[in-house]
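I have placed the structure first, in the form of structure tokens, so that the comments after it can refer back to it.
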Amino acid sequence: MIYNMKHQIILLGKDITSVYHGIKEFAPDHVHLLCTNETKDVAGPLFPLLPTSVHRTLYRTEPYDGEDVRNVCRKIHATYPSDDFAYNLSEGTKLMAFAAFTIAKEHNVPAFYLTQLGDLVWLDNFEKRPMKSQLDNKEILGLSGNVLSDYRDAKQLSDTDMQAASLIKQFIEQYPKEHTMIQKFFNLFCNREVSRLPASRVFKNGLRFKLRQDTFLIAQQNHVLLKLVTSNASMLFFKGRWWETLVAHKVRVWSQHHPSHPEVWQSVIFRTEADNSRTKNEVDVLLNNQQQLIFIECKSGQVTQNDIYKVDAVRETYGGDISLAVLASYYPVDEHLQEKCKDLQINLFAPTYIDDRINHLNTLPMWLEKLSNSLQL
């Protein structure tokens with residue numbers, strides 16, 4: 001049996017995601033990438049993700065010279081006269097797409113377009129179908145040229161940490177003054193560094209905390225207010241990871257009930273360059289919703305304008321144009337900061353009133369479902 005090699009002729013534009021997704025969907029043996037002076041470097045992040053067996057050839061053409069595009073396509077067909085071809089016309093200028101499509105029709109081979117919602121459109125009859133393949137978090141991040149340093153899959157959330165996070169939340173709601181006193185000590189005297197925490201500390205009114213191996217204890221007048229038994233106690237309590245853990249769990253609950261079971265990551269750390277060992281930024285929770293990354297910043301304290309700018313910067317740096325940013329706040333957010341979120345297109349999840357914070361987190365799965373549905377409109 002003679003095997004005809006599969007070729008895919010692809011137009012390059014600003015977005016490399018649709019290019020890679022088209023290759024993953026059809027698994028060609030050879031990809032032919034048509035670029036311009038402006039897009040000649042766009043495919044750089046694509047190549048490390050391709051199987052080594054896939055041949056790739058880059059062709060320089062002009063963005064508004066349709067005849068040049070047609071000639072390049074004809075030469076490719078002439079070089080491989082007996083092989084199978086398909087065209088991915090999701091990117092490039094309109095003129096490049098029209099020109100390439102005429103050659104696809106000339107050779108009676110299929111041409112397709114990929115939408116941002118994960119659909120494939122056949123251009124000869126505009127028939128639409130869902131993509132059979134999906135891009136995972138590592139592929140999407142790799143295509144944006146970012147280096148992943150570390151992350152935790154939300155599937156690995158331990159029952160111990162979940163229980164500890166819930167106990168911290170109850171402590172904060174039951175003893176807000178005591179929590180504020182201990183947290184201020186950490187912020188001011190420990191410079192927000194867990195490594196600088198003392199083994200114990202006594203405050204006024206007999207309030208004290210103790211750290212001993214995997215046990216964290218808060219007591220007042222010999223009455224235990226909080227006891228945590230986990231190696232992550234300090235990070236959960238002092239660094240606000242308790243809220244991040246609870247949010248990640250609720251996002252995971254939503255994911256489990258979603259047909260596509262989107263990936264959910266926690267504590268995602270990036271580097272901007274592969275040869276730069278210095279960590280650049282961190283995302284509390286990362287959700288992959290139908291190839292769109294949703295960056296969720298979890299704020300257990302009062303939200304400031306800097307927090308909002310951080311969410312916006314993370315989205316722009318690591319996600320690009322089609323990603324979304326969410327700010328999940330434990331406390332209500334000031335009205336002028338709510339307006340700032342709207343201006344920057346940051347989706348805000350926060351209680352309206354202070355008393356609402358106790359049960360508001362339970363509404364997160366439904367809130368995410370509405371957000372997900374809005375992306376498909």
Side-chain angles (χ1 to χ4, degrees), residues 152-159 161-176 179 236-237 240-268 283-290 292-304 307-308 310-312 314-315 319 323-377:
R152 288 178 55 191
D153 194 315
K155 296 176 184 176
Q156 300 170 352
L157 282 172
S158 70
D159 293 338
D161 283 358
M162 276 299 305
Q163 183 181 19
S166 297
L167 289 173
I168 294 170
K169 180 176 180 292
Q170 293 172 18
F171 169 79
I172 293 171
E173 292 161 0
Q174 192 170 355
Y175 304 102
H179 170 255
L236 289 168
F237 186 91
R241 290 287 175 86
W242 65 270
W243 178 239
E244 176 186 317
T245 297
L246 294 178
V247 169
H249 172 68
K250 287 297 183 182
V251 175
R252 175 70 181 148
V253 168
W254 172 81
S255 171
Q256 289 175 319
H257 290 88
H258 198 275
S260 61
H261 301 295
E263 283 184 292
V264 182
W265 287 358
Q266 181 189 3
S267 302
V268 185
V283 175
D284 292 336
V285 180
L286 179 64
L287 171 64
N288 180 352
N289 182 63
Q290 299 183 26
Q292 283 190 309
L293 294 181
I294 300 179
F295 296 86
I296 304 177
E297 174 73 10
C298 303
K299 187 66 179 176
S300 61
Q302 296 295 333
V303 172
T304 67
D307 295 320
I308 296 173
K310 176 188 174 184
V311 179
D312 183 54
V314 166
R315 185 254 316 272
S323 65
L324 293 179
V326 171
L327 177 59
S329 174
Y330 173 64
Y331 290 105
V333 176
D334 291 343
E335 191 171 334
H336 76 283
L337 295 178
Q338 293 181 34
E339 291 301 319
K340 178 64 69 175
C341 286
K342 290 180 181 178
D343 292 343
L344 296 175
Q345 296 183 315
I346 295 172
N347 299 273
L348 179 63
F349 177 81
T352 303
Y353 304 105
I354 189 68
D355 289 341
D356 294 343
R357 77 193 193 285
I358 296 174
N359 297 313
H360 187 63
L361 184 60
N362 295 329
T363 67
L364 182 56
M366 186 181 300
W367 185 88
L368 279 173
E369 185 63 22
K370 290 182 180 178
L371 179 64
S372 175
N373 291 339
S374 71
L375 301 179
Q376 302 177 44
L377 298 179

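Hydrogens, waters and symmetry mates play no part in the numbers below; they use all other heavy atoms, side chains included.
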Query raised in the report: Which heavy atom of V283 sits nearest a heavy atom of F295, and at what distance?
Result: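 Here V283 and F295 meet closest at CG2-CD2, 3.6 Å.
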Report task. Could you tell me which non-hydrogen atom of V303 sits nearest to which non-hydrogen atom of K299, and how far apart they are? Result ->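 Result for this residue pair: CG2-CG, 3.7 Å.
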[Y] and [X], any side-chain heavy atoms less than 4.5 Å apart:
| X | Y | answer |
| --- | --- | --- |
| D284 | R241 | no |
| V326 | L287 | no |
| R252 | Q256 | yes |
| E173 | Y330 | yes |
| L293 | N288 | yes |
| L368 | H258 | no |
| L361 | W243 | yes |
| R152 | L157 | yes |

Separation between [atom1] of [X] and [atom2] of [Y], rounded to the nearest 0.5 Å:
| X | Y | atom1 | atom2 | result |
| --- | --- | --- | --- | --- |
| D161 | T245 | CG | OG1 | 6.0 Å |
| I308 | E339 | CD1 | CD | 10.5 Å |
| S300 | I172 | OG | CD1 | 6.5 Å |
| M162 | L246 | CE | CG | 5.0 Å |
| L337 | D307 | CG | CG | 9.0 Å |

**Report entry** Ion pair D312/R315, N-O distance below 4.0 Å
**Finding:**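 Salt bridge flag = yes for R315 with D312.
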Query - Reference residue F349; test side chain to side chain contact (heavy atoms under 4.5 Å, CB included); the match among L327, I296, L364, V333 - result: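 By the side chain to side chain contact (heavy atoms under 4.5 Å, CB included) criterion, F349 pairs with just one of L327, I296, L364, V333: L364.
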Requested in this report: Just say parallel, tilted or perpendicular for the rings of F237 and F171, cut-offs at 30° and 60°.
Outcome: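 Judged by the thresholds at 30° and 60°, the geometry between F237 and F171 is tilted.
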